[in-house]
Amino acid sequence: MLVVEDVTVRFGEKAALDGASLEVGAGEVVALLGPSGSGKSTLLRAIAGLETLDAGRILFDGNDLAGVPVHERGFGLMFQSYALFPHLSVADNVAFGLRMKHAADEEVQQRVAEVLGWVGMEQFATRRVDRLSGGEQQRVALARTLAPRPPLVMLDEPVGALDRMLRERLVEDIRGLLDREGAAALYVTHDHEEAKLISDRVAVMRDGQVVQSGPYETLTAAPATPWIAEFLGVEPRT
Amino acid sequence: MKPRSRPVGTALTLALPLLFLAYFFLYPLIRILWLSLSGEGWADAFTRPRFIEAAWFTLWQATLSTIITVAAALPLTWVVSRFNFRGKALVRAFVTVPFVLPTVVVGAAFLSVFDAGLWALIAAHVFYNIAVVVRTVGGVWSRIDPAMEEAAAVLGASPIRRFRTLVFPLIRPALASASAIVFLFCFTSFGTVLVLGQGRLRTLEVEIYQQAVNFLDLPVAAALSLIQLATVTAMLVVSARTQQRASTLVLASEARLPAPRPGTQRIAMRGILLVSLGLLAIPLAGLVGASLDGNGIGWRSLVTETPAAVEPLPAIGNSVGYAMVASLIAVVVGGLAASWLSNRKGGRWFDLLLMLPLGTSAVTIGFGFLLALDRPIDLRGTAALVPLAHALVAIPFVVRATLPLLRSIKRELREAAAVLGASPSRVWREIDLPIVARALAVGAGFAAVVSLGEFGATSFVVRPASTTVPALIFRYLGRPGSSSFATAMALAVVLAVMTAIIVLVIDRVRGTETGMF
């Protein structure tokens, strides 16, 4: 479904992505795992169309996305900082993507109520977003991302800012929601447990490249390089 | 970096504010400088006893006013920032009222309860500036986690030692910057001094006015203006330095404040509230009372023709009109400037230039207008000078009100909207415009408040036929007879109410509790 081929994105001299390749199948949840600065977020932004490629290409359902502007790609992206619109209520934030698709008012209302119900925020619908706690903002951002039914959902460290206890529960909730929607997903994290918990497959990133990918157990059983072994905290293969 | 699309017309957003400031602010200053070099301006300014007296008086009355203001404000600040109690929002709002009142109104209010003179002037300065201390210092004090004080208490520190060793060091930067602002306001005080000083009390600001208008010694007025400008700029630089130091302070984001404990603490709190609010209420009550004296002749003369042929109703109309034009100009110029500043990290020099009119005394601005604005078109005989001067003073307020909101539109908000399917033009309509519109409305409100109360620059450029309310109040106060006095008081009440309404609207639109400085 999504194919990333040898993508390079440079910021001045520095290459944030340096020939990264990745595939995501329909309904598959892939965790992007890597140390900070390894290019995980840049890869998401490149797929969303927020960064222009210096080399390589990105295909979705066989179509090259080069030249397709951000707002016509129809993907979902949840920002690490949530990026909720401060001038809109919780419900209006969630409705935003649906309104952009010119959905009928009735349908918008129905879908907003449904999605807010999933994340347990239905009673906050009319609240201003800047009065919400971190956990509440996170759930609104998730609802906003899922509401327009994107075929590919990208989440950039969606639970990074929250405390441990809350995180594990939310990661399970997110996986449940993705399965319910049947959406493919890319999930950026630097936390191994999270990656293991959420994904069908883990793609390990280092210095702007995907260095190995596969189910978490496969990676720990057979890390491709000593660096990956050390990063995953397992004994390198002899 | 990849080329990012720049907003269209970036050059224009910078050019228009720059041109405005160059012609209406810098050019008049240059003319003042030029004028001061002709004749004996500088020699006179530094040697004539009259001016040395005025400079000395300016300095010590500002120092005394500042000390008393801080002393009077601290107990109230303690109550408002350390405890939660019912009606706290109301108390805060009430404390802010004097600050937004036009200086002439404050002068009139004190004239209604005190005899004119030094102590009335000092009291008026304290009344006017208490809000500065309560809001600036309170903003920091209320964020000091009560647990820190409790920890100190457990470690054996008495309340006095806790204040001295813990609270005071933490609030000191805010206290210093609040004191600097208060000092600045008292140093450049004009309307209040003119009303309450009765010609005997002369600050530098008053002296500039008298030399220029009464004695027509323009070179001396010019030299004094520049001395005033240099002093004020130096003080602003020092105050900006202390503020930078203050902002590095790390504080708890939000402290959960306790209710006062029953017993001494509650009695102390109630006593402080009663005395502070009572004192603040006296001049306001006096003003309303004085406007009703003589069976309401003051109010009646607002609507009936007076023999003196200065009609209050047209003046109210003029003031409203000037305020609308001035806020329009200020919003366009200040809004463009703020949007230019919000799109980049640098631009400190431009930010500073925009703030300069605030540091320049109003009298200097008015004086400069009269001197300079005869070319290319002679604006001096027209009514345009008044709203232009008001706009110049209001622009810093518009910039300060809009810039934080504009900067709050992070790049990610626009990106999030785009990912959700909004085209670039839709992003502007759905994200930028609603946020900017609110910011501009707040800026326009501030500009209108500034314009309604402005007196210093107005006193130079206003023409009798199209006078403003503050100028008319001053004229009525200078006229003998109890009915003139009552009319002045009634006009002051009208002006105070108009100002209060705008401030209330601003608070509703803005919806947050941040101060205005």
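Nothing here was measured: the structure is a model prediction, and the numbers come from that model. Letters A, B, ... mirror the listed sequences (proteins, then strands); counts begin at 1.
Between A/Arg45 and B/Arg411, the shortest heavy-atom contact is NH2-NH2, 3.5 Å. Nearest heavy atoms, B/Ala422 versus A/Phe96: CB-CE2, 4.1 Å. In this structure, B/Val419 and A/Ala48 approach most closely via the heavy-atom pair CG2-CB, 4.3 Å. Of all heavy-atom pairs between A/Leu50 and B/Glu415, the closest is CD2-CG, 3.6 Å.
Within a 6.0 Å radius of CH2 in A/Trp118, more than 12 heavy atoms belonging to other residues, nucleotides or ligands are found. In this structure, A/Glu23 places its CD atom where only 12 or fewer heavy-atom neighbours from other residues, nucleotides or ligands lie under 6.0 Å away. The neighbour count for A/Asp61 CG, taken as heavy atoms of other residues, nucleotides or ligands under 6.0 Å away, is above 12. In this structure, A/Gln123 places its CD atom where more than 12 heavy-atom neighbours from other residues, nucleotides or ligands lie under 6.0 Å away.
Of all the listed residues (B/Arg414, B/Arg426, B/Glu412), the one sharing the greatest number of non-hydrogen pairs under 4.5 Å with chain A is B/Glu412. Interface check for chain B: of the options A/Ser81, A/Gly74, A/Pro148, A/Gly76, the most heavy-atom pairs under 4.5 Å are formed by A/Ser81.
Only the backbone of A/Leu84 comes within contact range of chain B, with heavy atoms under 4.5 Å apart. Of the atoms belonging to A/Phe85, heavy atoms from both backbone and side chain fall under 4.5 Å from chain B.
Residues B/Leu413 and A/Pro86 have side chains in contact (heavy-atom distance under 4.5 Å, counting atoms from C-beta outward).
Between atom CG of residue B/Leu420 and atom CE of residue A/Met100 there is a gap of 8.0 Å, rounded to the nearest 0.5 Å.
Taking A/Asp179 as the reference, A/Arg175 meet the side chain to side chain donor-acceptor pair (under 3.5 Å) condition, with sequence neighbours excluded. Considering only residues two or more places apart in sequence or on other chains, A/Pro69 meets the side-chain contact (heavy atoms from CB on, under 4.5 Å) condition with A/His71, A/Glu72.
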